[in-house]
Structures are given as C-alpha cells and as structure tokens.
Amino acid sequence: MAIREDLLTQPLNDLRQISLVGSTCSKCGETFLGRALVCANCGTAEPKPRALSKRGILWTYTVVRHKPPGDYKGPDPFIPFGLGLVEVPEGLRVLAPIVCDQSELRIGMPLEFRAFVRPGSHSPEVVSFEFVPAK
Ligand SMILES: [Zn+2]
C-alpha cells in the first residue's frame, strides 16, 4: 500500500515504475499533489490525475537532527536526515527526505524520485518515497 492514498501511481509491485500522482485543473492549469476533487485555485471540479515528473530541483532544505515526535517510523536509534522541498517541472513543491551525504545538499541541485518499501513494514508493505541526487 502507498504511504498515503492516491499519492503514488499504481501498480506498486515494480518500484522503478512508480511516480507521484498530481492533479491538473482543466480550466486554470494549476497542478496539485495527489488526487483532488476540486481545484483549490478556481473551484473547477475533478482536476485530472496525472503522473508527475520523477526529476526535480532542490528548492530548499533542512537537516532534521532530532527524532520527530509521535509515531516516527525511521531508524532506531535516530539518524539525522535531509528534508527538502523539491520543485518538479509541473510547478509544485513536494516535501520529502533527501537521501545523500548532508554535506552535499545544495539549493538547486537536480534530484530524482525513488520509491521504496519502508523497512520494517509488514503485510501489506508500505511503499514510501524519497529523492536522491540525479545521476
Ligand atoms: Zn483551476
């Protein structure tokens, strides 16, 4: 199962084929992350779902150095990680972990989407996503 409903393209069995889902409004052209029932920009019903580009640019980032509160599912003991806003060509920014050496993080660096099965998840396995430096 996807980490959030309607966020990833189906099927989920080939991780390399997965990308993020967006919705583009037929009237104003605005694109949103995930499936939307109504365009938040102009109110038009049923923006059209589409697969988003798997390439993006790091718009900004931070390094998370403390274990997030609540039901954190990452490694234990906690390992600091990069968290960025990735701008995709469709014009929206996606919050995601950025997996690389933290000293390599740079605003504007090209990134690519990567889907993965969340470690420790059981049946059904949870498919999540992150971005890595583009090759
Ligand atoms: Zn619209």
Side-chain angles (χ1 to χ4, degrees):
M1 61 185 270
I3 189 159
R4 202 181 92 195
E5 195 175 348
D6 292 335
L7 188 61
L8 301 174
T9 58
Q10 302 281 340
L12 297 173
N13 56 357
D14 185 350
L15 295 174
R16 290 165 305 176
Q17 298 300 316
I18 297 171
S19 61
L20 289 167
V21 169
S23 301
T24 298
C25 177
S26 60
K27 186 174 178 189
C28 74
E30 189 81 19
T31 298
F32 306 92
L33 183 61
R35 290 192 187 223
L37 296 175
V38 172
C39 173
N41 188 45
C42 74
T44 298
E46 294 179 32
K48 192 169 181 242
R50 62 189 283 188
L52 296 178
S53 170
K54 296 175 81 159
R55 291 284 185 131
I57 297 291
L58 186 56
W59 191 74
T60 194
Y61 67 91
T62 189
V63 176
V64 179
R65 299 184 192 281
H66 299 279
K67 182 179 171 183
D71 191 21
Y72 180 67
K73 300 262 197 300
D76 187 21
F78 176 74
I79 299 171
F81 61 95
L83 182 67
L85 274 176
V86 181
E87 189 167 74
V88 294
E90 290 82 3
L92 59 123
R93 298 177 189 134
V94 181
L95 184 68
I98 312 298
V99 179
C100 68
D101 187 307
Q102 289 150 23
S103 67
E104 295 173 15
L105 290 166
R106 296 283 183 275
I107 289 173
M109 71 190 288
L111 298 168
E112 62 188 28
F113 173 92
R114 183 167 75 185
F116 65 96
V117 174
R118 198 154 69 182
S121 66
H122 303 292
S123 186
E125 291 181 317
V126 176
V127 178
S128 189
F129 68 97
E130 58 200 8
F131 279 82
V132 298
K135 291 181 209 101

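Predicted model, so just to flag it, every value in this text is computed and none were measured.
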Would you find a donor on one side and an acceptor on the other, under 3.5 Å apart, between the side chain of [X] and the backbone of [Y]?
X      : Y     : answer
Glu90  : Ser53 : yes
Ser23  : Gly34 : yes
Gln102 : Pro80 : yes
Thr9   : Ser19 : yes
Lys54  : Ile18 : yes

Over all atoms of both residues, closest heavy-atom pair of [X] and [Y]:
X      : Y     : answer
Asn41  : Cys28 : ND2-SG, 3.2 Å
Leu111 : Leu58 : CD1-CB, 3.7 Å
Cys42  : Cys39 : N-SG, 3.3 Å
Val127 : Leu8  : O-CD1, 3.6 Å
Thr44  : Pro47 : O-CD, 4.1 Å
Lys67  : Tyr72 : CG-CD2, 3.8 Å

What's the separation between atom [atom1] in [X] and atom [atom2] in [Y], rounded to the nearest 0.5 Å?
X      : Y      : atom1 : atom2 : answer
Leu83  : Thr60  : CG    : OG1   : 10.0 Å
Glu125 : Ser128 : CD    : OG    : 13.0 Å
Arg118 : Glu130 : CZ    : CD    : 12.0 Å
Leu37  : Glu46  : CG    : CD    : 7.5 Å

With a 4.5 Å cut-off on side-chain heavy-atom distances among I, L, V, M, F, W and Y, is there a chain of contacts connecting [X] to [Y]?
X      : Y      : answer
Phe131 : Trp59  : no
Ile107 : Leu92  : yes
Val126 : Phe116 : no
Val86  : Met109 : yes
Leu15  : Ile3   : yes

Sub-4.5 Å side-chain heavy-atom contact between [X] and [Y]:
X     : Y      : answer
Phe81 : Val99  : no
Leu7  : Phe129 : yes
Val88 : Arg55  : no
Val94 : Leu33  : yes

| Counting only heavy atoms not in Gln10, do more than 12 sit closer than 6.0 Å to its CD atom? | yes
